[in-house]
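As structure tokens, the structure follows; a few thoughts come after it.
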Amino acid sequence: MRQRKSNTLTKEQYTELFCLEKRIRNRRVIYVSEEAYQKLKDTAFLFKFDNYSTTSSLADAILNEHFQTNKDLLNALWQEAGEQFVKDIDSIGSRRSNNEEDNESG
């Protein structure tokens, strides 16, 4: 049975968490349903002009928040499989920032 979290974010919290401008380099294709894509596209449009949010940056932020929120469970499941999955989600962001700086200076 699916459970939903009851915390409601303010517009400012949602923007900070999901809608800040982000350049995505080394992109990969994923497939989502038409319904999910339309929701992503429409939501990104709401924040496009003030925050330069894109469908890709929104999807990336949502996925990273999911991994961060469920890090303990995912690690436990992967440890059962003999590996560690989400070592430190914060290091992903810092690596991305460093790569962007390297690409801009190079």
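Sorted pairs that involve residues 42-55 and meet salt bridge (Lys or Arg N to Asp or Glu O under 4.0 Å), not counting sequence neighbours, are lacking altogether. Screening residues 9-36 for ring pair (Phe, Tyr, Trp, His ring centres under 6.0 Å) gives Y14-F18, Y14-F47 as the qualifying pairs, with residues at least two apart or on separate chains.
F49 forms part of a hydrophobic cluster together with F45, judged by ILVMFWY side-chain heavy-atom separations under 4.5 Å.
When the side-chain contact (heavy atoms from CB on, under 4.5 Å) test is applied to E12, the partners found at least two apart in sequence or on another chain are T10. Legend: residues meeting side chain to side chain donor-acceptor pair (under 3.5 Å) with T43, ordered by chain and number and at least two apart, are absent. Every residue meeting the side chain to side chain donor-acceptor pair (under 3.5 Å) condition with E65, not counting sequence neighbours, appears here in chain and number order: T69. For A44, the side-chain contact (heavy atoms from CB on, under 4.5 Å) partners two or more places apart in sequence, or in a different chain, are S53, T55, L58. Residues meeting the side-chain contact (heavy atoms from CB on, under 4.5 Å) test with A36, sequence neighbours left out: V32, S33. Partners of E35 according to the salt bridge (charged side-chain N to carboxylate O under 4.0 Å, His left out) rule, which considers only residues two or more places apart in sequence or in another chain, are K39.
L17 and F67 fall into different hydrophobic clusters, where Ile, Leu, Val, Met, Phe, Trp and Tyr side chains are chained together by heavy-atom contacts under 4.5 Å. Linking ILVMFWY residues whenever their side-chain heavy atoms come closer than 4.5 Å, directly or via other members, places L40 and L9 in the same cluster.
Separation of atoms CG (N51) and CD (E16) is listed at 10.0 Å; rounding is to 0.5 Å.
Counting non-hydrogen atoms of neighbouring residues, nucleotides and ligands closer than 6.0 angstrom, the CD atom of Q13 exceeds 12 such neighbours.
In this structure a side-chain-to-backbone donor-acceptor pair under 3.5 Å is present from N64 to D60.
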